[in-house]
Number of protein chains: 2
Amino acid sequence: MKDVALHAGVSTATVSRVLNGHAAPTPETRERVLAAIDELGYRPNALARSLRTTSTQTLGLVISDLLNPFFAEIARAVEDEARSHGYCVVIGNADESAEQEATYVRTLLDRRVDGLLLCPATDDPSLVREVSAGGVPLVLLDRTVRGATCPVVRADGSEALTALARRLVGAGHTRIGVIAGPPNTSTGRERTDVLTGSLGGLAQVVHGDFRQESGSQAAARLIDDGATALVAMDNLMGLGALGEVRARGLQIPHDIALAVFDDQPWFPLLDPPITVIAQPTVEMGRAAARSLLALINGQQPDDIRLTAKLVLRGSLGEAEL
Amino acid sequence: MKDVALHAGVSTATVSRVLNGHAAPTPETRERVLAAIDELGYRPNALARSLRTTSTQTLGLVISDLLNPFFAEIARAVEDEARSHGYCVVIGNADESAEQEATYVRTLLDRRVDGLLLCPATDDPSLVREVSAGGVPLVLLDRTVRGATCPVVRADGSEALTALARRLVGAGHTRIGVIAGPPNTSTGRERTDVLTGSLGGLAQVVHGDFRQESGSQAAARLIDDGATALVAMDNLMGLGALGEVRARGLQIPHDIALAVFDDQPWFPLLDPPITVIAQPTVEMGRAAARSLLALINGQQPDDIRLTAKLVLRGSLGEAEL
DNA sequence: TTGTAAGCGTTATCAA
DNA sequence: TTGATAACGCTTACAA
């Protein structure tokens with residue numbers, strides 16, 4: 001910057017003003033400064049600027065699992081929305097580990113992100129409290145924590161789940177295996193509660209950890225126990241369940257029915273195509289980013305609940321007629 | 001930091017020394033400082049530290065498309081490797097757009113990442129030159145650019161592709177549709193060249209853009225032109241091709257054979273399972289991160305070529321026997 | 001072992 | 001309109 005100033009025959013203050021689009025500088029000096037910048041290939045140091053202004057124009061996003069396409073899509077939506085407001089997003093991948101999540105959150109805070117978007121690994125509120133205590137704007141995404149006091153953006157799958165339950169019961173299933181998420185996550189608990197609630201005594205629940213392998217194992221146990229229908233509470237566990245079903249040579253829907261929470265582009269391509277509960281991922285990501293930006297700007301955004309939709313395809317058998 | 005110093009009855013220099021694990025401070029003063037830090041909930045400002053030390057302990061990663069599971073997996077591997085060396089990764093998603101790619105690269109450089117990992121959207125070397133001119137350590141990942149002078153980490157699919165070609169020819173296919181990547185990407189060109197080369201005059205090539213939609217369109221054209229086998233040069237285009245095949249009610253492999261570059265967890269679950277050329281994504285990501293770290297440490301890492309492997313499944317028909 | 005003080009590259013206040 | 005200059009929060013000679 002000093003070099004630029006020297007080159008243009010002005011002070012660094014003037015260079016700064018040109019850079020920040022202040023009204024002050026003469027068109028003529030602005031021209032000279034711009035020329036010098038160009039000639040020297042000067043690029044401002046964002047670190048120094050942020051140190052001075054206490055604003056990084058950066059949002060932190062800590063997601064549960066980058067390899068889960070659901071979160072990848074969310075991440076992309078957040079990024080799009082943020083960019084359209086001049087913000088950049090730093091993504092941290094917690095890998096469904098509370099410990100790694102905490103590490104990332106602290107790293108991001110240390111780098112002074114202007115706000116934080118968090119998909120909490122567990123419903124333990126301590127990390128959220130820590131962030132709030134630091135006064136950093138925070139929005140929870142997809143999952144919430146116990147007694148959360150910050151805005152939450154998530155999907156509501158209750159209607160879709162009860163509709164799904166109706167279908168399954170209507171189709172005559174009496175042993176319905178539920179591959180649930182971890183009970184210490186809000187989505188894991190809520191989805192399962194709603195489904196088992198509307199299923200009455202017909203549900204059998206096995207908890208997984210939102211990953212493929214746990215889906216296979218849960219499916220194996222449930223099939224062994226005589227389940228004639230499987231509902232996986234997230235797409236990765238659904239993938240695992242599907243693998244187990246295939247490995248046993250069972251036919252969907254003849255031998256066993258299957259439905260999965262979260263849609264994926266390849267679900268319609270299976271034979272039969274898989275019935276899913278689709279979440280509005282893109283809208284969730286965008287809404288969360290907007291809420292966070294509002295919070296940063298001193299507003300108090302409300303919680304947002306978008307509705308997930310039941311998409312009936314062939315994997316339920318006659319129920320989908 | 002001043003507060004901590006005051007609280008502990010020392011100077012900020014001492015606080016800094018404790019923070020950075022210097023040998024100097026007495027166990028006793030160290031204790032006092034640590035206590036003060038704890039009590040005040042102090043966290044050092046990474047921005048200020050970086051400004052002073054000119055090191056951010058951060059790697060930039062600009063990938064072509066976050067929604068492509070291939071890149072998501074790479075991103076995760078990079079992150080894992082980086083973290084194990086005390087580095088943090090900032091991910092930028094170029095969305096297969098050269099413009100957005102450039103924007104991200106510059107943003108990351110402005111934030112003074114210690115090094116940059118780039119999966120270039122095109123083989124235009126200008127952006128790479130710009131980075132190199134800035135003296136920032138740079139490693140290219142998955143794809144290269146024309147006349148690249150920096151280390152490149154990628155997969156070599158030649159053997160797998162020629163083996164695939166042999167299978168297809170051996171199975172009697174005479175019109176083989178190749179759904180190629182963009183000709184202005186190194187992977188797009190090279191893979192296609194190898195395959196068409198070993199296919200002789202039997203290949204028909206349609207270029208896509210590494211996305212699902214383009215895969216469907218390319219497949220449609222190739223099928224209309226009488227192709228009896230389809231090879232998609234990336235998993236997203238493969239997904240699109242599969243959709244088109246299904247939409248037309250064609251049976252794999254009876255009516256048409258299919259092979260895809262990049263494996264995905266759900267490919268084995270299709271009926272028939274899809275034959276793929278699998279890239280060692282995790283190793284690519286880790287190797288790239290290691291190369292970059294080496295470069296940052298003043299070494300001169302070599303280019304790395306890992307080999308992609310042909311995984312025969314049912315989608316080729318009798319060829320896989 | 002500890003403290004003082006300069007400096008990292010910016011921006012913002014205040015005079016000129 | 002422009003230029004000195006202090007300050008942002010940290011690290012690091014250099015002195016003590």
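Naming convention: chains lettered A, B, ... in sequence-line order (proteins, then strands); numbering from 1 in each chain.
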Asp110(A) vs Arg106(A), test: salt bridge (Lys or Arg N to Asp or Glu O under 4.0 Å). Steps then yes/no. CA-CA 6 Å; Asp110(A) 287 352; Arg106(A) 298 202 183 99; over 6 Å; no
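- Asn297(B) contributes a side-chain N or O that, together with a main-chain N or O of Leu293(B), makes up a donor-acceptor pair within less than 3.5 Å.
- Comparing the end axes of the helix from dT1(C)-dA16(D) to dA16(C)-dT1(D), each fitted to five base pairs by superposing C1' atoms of four pairs onto the next four, gives an inter-axis angle of 40° (nearest 10 degrees).
- Side-chain atoms of Ser97(A) and Asp95(A) include no donor-acceptor pair closer than 3.5 Å.
- Side-chain contact, Asn93(A) with Arg83(B): no donor N or O sits under 3.5 Å from an acceptor N or O.
- Scanning DNA chain C 5' to 3' for nucleotides with an atom closer than 4.0 angstrom to a non-hydrogen atom of chain B gives a first and last hit of dT1(C) to dG9(C).
- Asp114(B) places a side-chain N or O within 3.5 Å of a backbone atom of Thr56(B) that can act as its donor or acceptor partner.
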Produce a footprint string for nucleotides 6-16 of chain D: one letter per nucleotide, 5' end first; B if the base is under 4.0 Å from any protein heavy atom, S if only the sugar-phosphate is, - if neither. BBBBBBBB---
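- Taking 4.5 Å as the limit, some side-chain heavy atom of Arg49(B) sits within range of a side-chain heavy atom of Pro44(B).
- Arg143(A) and Ser64(A) share a donor-acceptor pair across their side chains, judged by distance under 3.5 Å alone.
- No hydrogens or angles considered: a donor-acceptor pair under 3.5 Å links the side chains of Asp234(A) and Asn68(A).
- Backbone-only contact: Thr29(B) has heavy atoms under 4.0 Å from sugar-phosphate atoms and none from a base.
- Residues Lys2(B) and Leu6(B) form no side-chain contact, since every pair of their non-hydrogen atoms from C-beta on lies 4.5 Å or further apart.
- The pair Glu190(A)-Arg154(A) meets the salt-bridge criterion, with a side-chain N (NZ, NE, NH1 or NH2) lying under 4.0 Å from an Asp/Glu carboxylate O.
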